Amino acid sequence: MSRSSSSSVQSLDMSEENHHNFADYAELRSNMQNLAKSSGITKALQAFRLMRTAAPGKPTIYDYNSLINCCLKSENLCLHDLSALYSEMKTLGLSPNASTFNTFLKGLNLIGESKVALWVIIEMCNHAFTPSFTSLSTLLKKCSDSMELEDAITVLELMMGLNYIPTEPQVILLINRLSKHGMTEKACLVLCKLLDKGYFPSPYIYNPIIWSLCKSDQISIALAIFCSLEKKGFVHNVCSYTALFYGFCKKRLFKEASNCLNKMTTNSRFYPNVRTYTTFIKCLCDNGRIQEALSLLGRMEKRGLDPDIVTYNIILRALSNQNMVHEVFDLFQTIYQKELSPDRYTATALSGLLKKGNLGIARTLLHDIFYGGSDMDIAVYNVYYSLFSGFKSKELSYVIECMIKNDIEPNNISFNTILKGFCKGKSMDEALKYFQSIKKPDLVSFNTILSAACKKGDSKMVQKVIDLMKDEGFKLNVVGFTCLMQYYCNVGKLNDCLDAFECMISQGLRPSMVTINSLMIGLCKNRELEAAYWVFCNLESYGLSSDSRTYKILMRAAKIEGNDLLVEELQRKCRGEGVKPNN
DNA sequence: GTAGGGTTAG
C-alpha cells in the first residue's frame, strides 16, 4: 500500500465527516482498490460511494469493474458480498459491460464457484453479451469436475446454441460422469444433441453410455444405439463390442454373445482382447462352468493374450467358491511366477474358502497379501474379520489397529461379519449383546442373529428377535423366512414350516432355490416324498429351475424309501436337462 | 481418453 493511500485509510476510519477531504478521484480509486484487497468489501464500498460526491460522473463502470477484480482476488471474499456489489452497481444506475461479466467469470472460475459463474453467464446473455468460448468451456469442465452435472448440461446447451463445439475430452468427461452416476438417459440426450449439431463422435464418447446400459440390463437400448451409430457411418472399436458382449453374457443370451464374439474376430479394429476374454471367463464362472473357463484361459494364452491380475482374480474367486484348494494354490504360484501383484480383489476372492471352512489355507494366503504392501480397503478387512470369533484375539486387535491407522471406516458388512463371529460362539446372550451395540442394524444383522437362534433351536431367542424386528419396523424377507422354515423342520413342526412358506408367498415374496431346497429337506425328512416331488415338478410356477442340490435331496429320499420308479425318473431328468450347479 | 474384478444373512 502506498503512503498516501495508507493515510487515506486512516482518515476513512476516523469518521464519515472527514470524507470531503477526499477530493482527488485518482486517490480515491486506488484507495478503494486497496481496501477491497485488504479490508473487505464493506470499506471498499464506502470508498466507492464517496466517489459519487467527490467527482461528478464518477464512479464509472470501469471503477466498478476494477473494484470487482480486486474483491475477487481478496482472500476473505464471500459470495454474499459479491451479490451486494452487483446490487450497488444497479442502484448507482451503472450498466454492466462485457468486461464486467468477464471479470466476474475469470475470478469465479479461479475460486471454483461454478454455480455462481453459471448465473453470471446467464445474466450476461440477458444483457445481450456473448460469453466467449473459453469462459464456457472452462465452466463446462469445472461443472463436470465438481459433479454439478445438471449445470454442466446447461453450459453445454448454451455452447451449442452459440455454435461453439466443445472439445472432445470435455464431452468425454461429462458423458462419463453422467453414465456412471445413474444419469445414462441424460448422457444419451447429450449425445443426441451433439449428433444433431453434426458432431462426429468417437467411440470414446459413446462407449460409456453403451457400457452403462449393458450393466443395468438395458441391452436392447444399448443395441439400438450401437446399430443406429453404425448406420450413420460411425466405426466402433473393441470396447464398444466388448460392452455388448458383456451385456449378452450378463443376460445369459449365450447365442447372441457367441455371434457377437464371432463378429469381433472378423476385423482387427475390434478383435477381442484380454478384457473381452476376461468378460467371457467371468460369465462362464458365474454359470458354474469353471472347467470351460480354465480351458478358455489356456486358449487365450495360446493366442498371445496374457491374462492379468483381473483375469486371475475372477478365476481364483470361482475356484475358492468351489473349495478347489489345490487349484487355488496352483493359481497363486502362477500369479507369483508371472510377477503379478495380488491386490485387494485377490484377497476378497478368497472368501469362498473361508465360507467352506478352509480357514488355515485362506488365512495363510490372505496374510501374505495383507502384509504384501498393496492398498487394502474395507472389503479386505471384512474378509479378514470372518476369520475370528468374538473379540478375544490378538490378531483381530492388530487388524483393527491397522484399519484405524489407515483411516478406513468400518461399514455394516464389518459389523455383521463380526456379529457372525459372535454367533459362532457358545453364548447367544453375548451375540445379542454385540448385536445391540450395532448403531444401525440392517436386515442382514437381524437375519444373522435370527439364523443363529434358529440353528441353535433356541426358541426363546427366535421369538425375541422376531419381536425386536417388529419393534424396529423390519419385515421378514426370504432369508428370514427360510431360517424359520429350517428351524420348524428341525424341531419337528412340519406344519409350522409349511405355514411359514405360505405366509411368505402370500406376502408376494419369491422363494429362492435355498428356500425350496429347505422345504424339500423338511418334506423328505417327514416322509412326504410325494409332496416333495410335486413341489419339484412345479418349480416353474415360482420362476425357478432345480439345481444339483434339489436332485440330491430327492434322490437320497427316494432311495431310502425304496421308490425305484422315482430314482429312475430323476436319473432320466438329470441326464436330459443338464442340471444347474448349486452355487 | 472409453471397458473386464470383491466383502455380510437362508
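Here the structure is a predicted model, which means the values were calculated and not measured. Order of the sequence lines sets the chain letters (A, B, ...), proteins ahead of strands, with each chain counted from 1.
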Give one of base, sugar-phosphate or nothing for [X], where a contact means two heavy atoms less than 4.0 Å apart.
X	value
A/R317	sugar-phosphate
A/I172	base
A/Q486	sugar-phosphate
A/P203	base
A/N477	base

- Task: Could you tell me whether A/R275 sits above the aromatic face of A/F270, with NZ or CZ closer than 6.0 angstrom to the six-membered ring centre and within 45 degrees of the axis?
- Result: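 Relative to the ring axis of A/F270, which defines the angle, A/R275 lies outside at least one limit.
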Any N or O donor-acceptor pair linking the side chain of [X] to the base of [N] at under 3.5 Å?
X	N	value
A/S451	B/dG10	no
A/S351	B/dG6	no
A/T278	B/dG4	yes
A/T276	B/dG4	no
A/D308	B/dG4	yes

Closest listed nucleotide, where the reference is the side chain of [X] and the choices are [options]:
X	options	value
A/T448	B/dA3, B/dG10, B/dA9	B/dA9
A/T482	B/dA3, B/dG10, B/dG6	B/dG10
A/T311	B/dG4, B/dT8, B/dG6	B/dG4
A/S202	B/dG1, B/dG10, B/dT2	B/dG1
A/T515	B/dG10, B/dG4, B/dA3	B/dG10
A/C239	B/dT7, B/dA3, B/dG10	B/dA3
A/K282	B/dG6, B/dG4, B/dT8	B/dG6
A/K355	B/dT2, B/dA3, B/dT8	B/dT8
A/K180	B/dT2, B/dG6, B/dT8	B/dT2
A/P208	B/dT2, B/dT7, B/dG4	B/dT2

- Message: By the ring pair (Phe, Tyr, Trp, His ring centres under 6.0 Å) test, which pairs, at least two apart or in different chains, include something from residues 280-301 of chain A?
- Response: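 Residue pairs passing ring pair (Phe, Tyr, Trp, His ring centres under 6.0 Å), neighbours aside: A/F245-A/F280.
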- Using the rule for Phe, Tyr, His and the six-membered ring of Trp, do A/Y204 and B/dG1 stack at under 5.5 Å and under 30°?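 The base of B/dG1 is stacked with A/Y204 (centres under 5.5 Å, planes under 30°).
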- Between A/F234 and A/F200, how do the two ring planes meet: parallel, tilted or perpendicular, split at 30° and 60°?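 Aromatic pair A/F234/A/F200 classed perpendicular.
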- Query: Are a donor atom and an acceptor atom from the side chains of A/N517 and A/T550 found within less than 3.5 Å of each other?
  - Reply: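 Yes.
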- Would you kindly say whether A/N416 and A/D442 are connected by a side-chain donor-acceptor distance under 3.5 Å?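 There is such a pair (donor and acceptor under 3.5 Å, judged by atom type) between the side chains of A/N416 and A/D442.
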- Item | Residue pairs involving residues 239-249 of chain A (criterion salt bridge (charged side-chain N to carboxylate O under 4.0 Å, His left out); sequence neighbours excluded) |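 Sorted pair list comes back empty.
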- Item | Phosphate-side-chain proximity, A/K215 and B/dT2, N/O vs OP1/OP2 below 4.0 Å |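 False: A/K215 side-chain N/O out of range (4.0 Å or more) of B/dT2 OP1/OP2.
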- Item | Under 4.0 angstrom between A/K455 side-chain N/O and B/dA9 OP1 or OP2 |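 So the side-chain polar atoms of A/K455 never come under 4.0 Å of the phosphate oxygens OP1 or OP2 of B/dA9.
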